[in-house]
Structures are given as structure tokens and as C-alpha cells.
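See below for the structure under consideration.
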Amino acid sequence: MHTPKKINDMIYEIDSRDGISTNMPVRIYADKLILEKMLSDRTINQAINVSYLPGIQKYAIILPDGHEGYGFPVGGVAAMDAEDGVISPGGVGYDINCGVRLLRTTLFENDLRPKLKNLIYDLFDSIPTGVGSGSKTRLKNSQLDDVINTGVKWAVDHGYGNKDDIENCEENGCMQKADQNLVSNKAYKRGIPQLGSLGSGNHFLEIQKVDEIYDEHAAQIMGIAKNQITVLTHCGSRGFGHQICSDYLKISTQALSKYRINLRDKELACVPNNSDEGESYRKAMFAALNFAWCNRQMITYWTRKSFEKIFRQSEEDLEMDLIYDVSHNIAKIENHTVNNRLKPLVVHRKGATRALPAHHDALPAKYKNIGQPVFIPGSMGTASWILLGGKNSMDLSFGSTAHGAGRILSRTRARHNYTKSQVQKFLNDRGIFIKSRTSNGIVEETPHAYKDVDKIVNVSHNLNIATKVARLIPIGVIKG
DNA sequence: ATGTGC
């Protein structure tokens, strides 16, 4: 059993290097209480396994929301040398480019309350939700090719948004060099009917109000004030990305012996980043990234239409600007400083949000001087947060922070311990109206199944990885 | 997360 060594109140480390193997230490960013939870399951052991992957740099990182995942923990970062290291489908996860985006509005809570139910029903009607849910748009194969190659831009070019939407996405909502020829027919078949759908599980669309502002200057730049209404959308690449992950896990597993890679856990299947298989996975994974960005953009379009209809206001009046869109599950090559040398790394963020500090090249002009907006959703009954990438993110976490509250109860345990009416009462008591496709969808996502998001955010804030801008609280939710 | 399990 490995006992984490305390570096300070928020940083713990496990260093199991023996001078022979080429592993790196594990870094855990957490407070004492959060750390204890992690010690009770396989989270830390999974990170130790990751720390032995070929070419890993500095340390395998567990963020404060870290919990067990497929091979790699969810809520973690692993950065590999782009020349000598590996790339791993499990380091991104099944839901490639699951992510969140936040819209502002000119409405305040008083404007919203009288029309809340109408709005939620209208959103539920216009945005497909649930497992296997299909979209209203029927794409042709060639149109999916375009989505794969252009991401958010496809949606904007087809009337589902504006130029500013592109600018305010991580990577402008499109990774270059995605390749449709490396995506299986099976993935095409699953993806075609699903572009523009929310999905199920913890995916949701939430109407919120700004509860409290912590950084007035940043809030002003984002166009939000206390009690103002915002909309948070959380979804990913649906069956399309899921199939791509499955396909390349299989390919990676089969290639292990060819590249003489030994793993502590089969689920960490990986290939050299610069091998044919590595290049193929990256280009197929990029296809799913672009699909997901386009997906969120189409949902944004229907969200704006619903608001315009229910509030009988124009696009110009509602000013539903996209504040930003961030990915939670992604791997890409970024330059980072290791041992005082800037070099390209394959940064795997699995349940982790990019959190670039002010003045970083990749930031749009609007955020250049303050840093990258980061959104951390809590559970459906509790707060979500807006943060800004902080000064220490590049040194501590390869420019990353947490992505959510992190589960403490499994879905099965949640179903066992709570009923639909209990959860609905809990939400109702807090003035939250929910419309869900299924009862299980409500019970499994009960706020009791999640850690306290405020505590997760405090760790990030205190370490100056990403700092507080505003706390948001939910008013209405739609989900699968 | 997911046409939810070999």
C-alpha cells in the first residue's frame, strides 16, 4: 500500500521510483478529506499504473475530482513525450470530447421564474435527449465528412451559430488533420443520426443564475452579473466517439507486443505516439472531437431559438453569447516546459479541463489578459463554477484543472439508496425544476452521489491552478 | 459515457 507523502495542504505525492524502472511519481491535488476518499478505491493505484507508461513526463496527475475510470482515473492528466512516448485511447476515455459550454443571456431570475416550466418543456422538445436519441437533422455520409473536418464551423456555415461561437471554443472548435478514412463504418452509422443530441448519464442542459461573483473584472468581460441567467450544456460525441474509442482500444491492444510495451493494466492499452497506429488513433479521435464541438453548437442553436420563442425576444435582445466551450476528454500535442526545456508532449486530459493562464498564445483576444474561462459543473442540484486558468497551471498540471464534482456513489448504489420522488423533492425544495426522459436518469444523478463541488474548486483556487470568477446555481435542468 | 452484459 502506498502512503501519499504530504507536500503541503493541497499537494500529495507518491514516489515509487526504484532507480531501475522509468516510472514517474504520482501527484495528487486534493485536501485531506478528498484524499481519504481516493484512498478507499482504485483511483490512486490506477494513477500509479499510469505513471509507468512509456515516455510519461514529470508525474501522473490526479486532480481533486479524481475517481476510478477505465484504466486511467477520471479527473487526471498524463503527458507523454511526443517523440518517445505513447498515446492511449483509455487516457481520453469513451466519451471523446465530452465537454461543457456556457452561454450568457440578458435575462435575470425575475424574468425567468414565471416562464421556467414553459422554457424547460420547450427545450426538452427541441433537443433530443436519452440513450440512442436521434437528431432532427439527417446527415449524408459526405456531410459527416465535413463535420469531421471542420467541427463547429460546419454548424456555423449551416446557420447554427455565428463567428464569435467559433472563436470562443477551445481550439476554435476544430482540430486540424482529423481523418474520416480512419473512422470505421460502424462509427459512421452510429454518428449520422446523433449529431445534435444531448445523450444520457451525466449529460444535461441547465438553466442557472449567477449566485455570487468572486472576480468582478473577469465577470464584466464575460458579461455576467449577480442573478443573471446563464445556460450550461454538458455533452460529448455520443455513439460516434464511443465507437472510435472501442475500435482503437482493440487496435492498440493488438499492437502491444509488436511495440514490446508491457502494461500494469490491460486497460492502459497504448501505442507509440509516432507509430502508424498512434497517428491513426489521433486522427480518428480528432474526428470525434470535431463531432462533439459541432454537436454542442447545434444544441446551442436550439437553445437560443427556445429562449427567443418563450421570451418573445430577438436574438439581439437576448445576447446569448457563448462565453466559452471546453473539452473534458481529449489528447493533443502541446508544448510544455520540462526540466527547463520546452518540448512537445501528448497531453491526455481525461475528466480534466484545460486551464491556460493569462497571455497564453491559444487564448482569444477577449480573454488574453485574464486567462482561459473554465467551467466546473457540480451535480444537478448543486452549484457550478466559472474559473479562470491561473498562474500555476502550467507548472503544476500541464495547464489543466478539475472537470466536475466527481462521483462518490455508483449509479447502482444511488438507485438503491434513493427514489425518484426523494430526489425531485430535494430539487423542488431548492427551486429547481427538472425534466428527464427516465426515472433512473434522475435517481442516478442525485446530488448525494457526488462530492461537494465547492471543495474541489477550493483546491484549484488555492493552488492557483484555476481561480474563482463566479458561482452558479441551477434553476432548471433537462437530461436523458 | 454507451444500440449499458462474452
Side-chain angles (χ1 to χ4, degrees), chain A residues 43 46 65-76 88-101 127-135 138-139 144 183-205 233-250 253 266-267 269 284-285 287-289 291-293 295-296 299 326-331 348-353 377 379-380 402-407 409-416 436-445 449-450 478-480:
Chain A
T43 310
Q46 287 189 327
D65 55 340
H67 62 91
E68 295 176 1
Y70 181 86
F72 293 66
V74 176
S88 173
V92 175
Y94 277 95
D95 193 2
I96 299 168
N97 196 1
C98 170
V100 287
R101 57 166 51 195
I127 300 167
T129 63
V131 187
S133 57
S135 161
R138 287 288 149 175
L139 295 179
L144 185 51
V183 175
S184 66
N185 291 334
K186 215 169 165 184
Y188 260 73
K189 215 172 162 189
R190 290 178 72 176
I192 287 247
Q194 291 187 329
L195 186 71
S197 64
L198 196 58
S200 72
N202 66 359
H203 290 166
F204 60 81
L205 184 145
T233 308
H234 179 205
C235 65
S237 52
R238 310 286 284 103
F240 184 67
H242 190 276
Q243 188 61 48
I244 288 170
C245 180
S246 302
D247 292 342
Y248 282 91
L249 274 172
K250 200 169 163 193
T253 304
K266 292 188 298 200
E267 293 183 356
M285 183 247 297
L289 294 176
F291 182 98
W293 274 312
N295 191 34
R296 287 198 284 279
I299 291 171
V326 284
S327 174
H328 286 164
N329 292 351
I330 189 167
H348 298 76
R349 294 194 182 93
K350 182 180 189 179
T353 312
S379 70
M380 65 187 175
H403 84 307
R407 288 195 85 92
L409 279 187
S410 69
R411 294 182 179 278
T412 316
R413 285 278 297 281
R415 279 201 306 274
H416 187 77
S436 173
R437 181 165 293 275
T438 63
S439 314
N440 281 347
I442 295 180
V443 181
E444 291 176 4
E445 289 298 315
Y450 285 86
I478 70 163
K479 61 189 308 306

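Proteins get letters first, then strands, A, B, ... in listed order; numbering begins at 1 in each.
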From CG of A:N440 over to P of B:dT4, roughly how many Å is that when rounded to an integer? 15 Å
In whole Å, I'd like the distance from the CG atom of A:N329 to the C1' atom of B:dT2. 13 Å
Students often get this wrong, so: under 4.0 angstrom with heavy atoms, is A:R411 touching a base, only sugar-phosphate, or nothing? sugar-phosphate
With a 4.5 Å heavy-atom cut-off, do A:E445 and A:Y450 have their side chains touching? yes
Heavy atoms under 4.0 Å, any strand shown: does A:K350 hit a base, just sugar-phosphate, or nothing? nothing
Reckon A:G241 touches a base, only the sugar-phosphate, or nothing at all at heavy-atom distances under 4.0 Å? nothing
5' precedence on DNA chain B between A:V131 and A:D95 (nearest-nucleotide basis): A:D95
B:dT2 phosphate, OP1 or OP2, under 4.0 Å from A:S200 side-chain N/O: yes
How close or far is atom P of B:dT2 from atom CG of A:L249, stated in whole angstroms? 16 Å
Here the distance between atom P of B:dT2 and atom CZ of A:F240, to the nearest Å, is 15 Å
Please state how far atom OH in A:Y94 lies from atom C1' in B:dG5, giving the value in whole angstrom units. 13 Å
Quickly work out the A:K250 NZ to B:dT2 P distance and round it to whole Å. 22 Å
Do the non-hydrogen side-chain atoms of A:D95 and A:S237 ever get within less than 4.5 Å of each other? yes
Under the rule for side-chain hydrogen bond (donor to acceptor under 3.5 Å, both in side chains), what residues qualify as partners of A:Q194, not counting sequence neighbours? none
Nearest-Å distance, CZ (A:R437) to C1' (B:dT2)? 16 Å
Using the six-membered ring wherever Trp is involved, compare the ring planes of A:H328 and A:H403 and label them parallel, tilted or perpendicular (cut-offs 30° and 60°). perpendicular
Base, sugar-phosphate, or nothing for A:G201, non-hydrogen atoms under 4.0 angstrom? sugar-phosphate
With a 4.5 Å heavy-atom cut-off, do A:V92 and A:K350 have their side chains touching? no
Give one of base, sugar-phosphate or nothing for A:E444, where a contact means two heavy atoms less than 4.0 Å apart. nothing
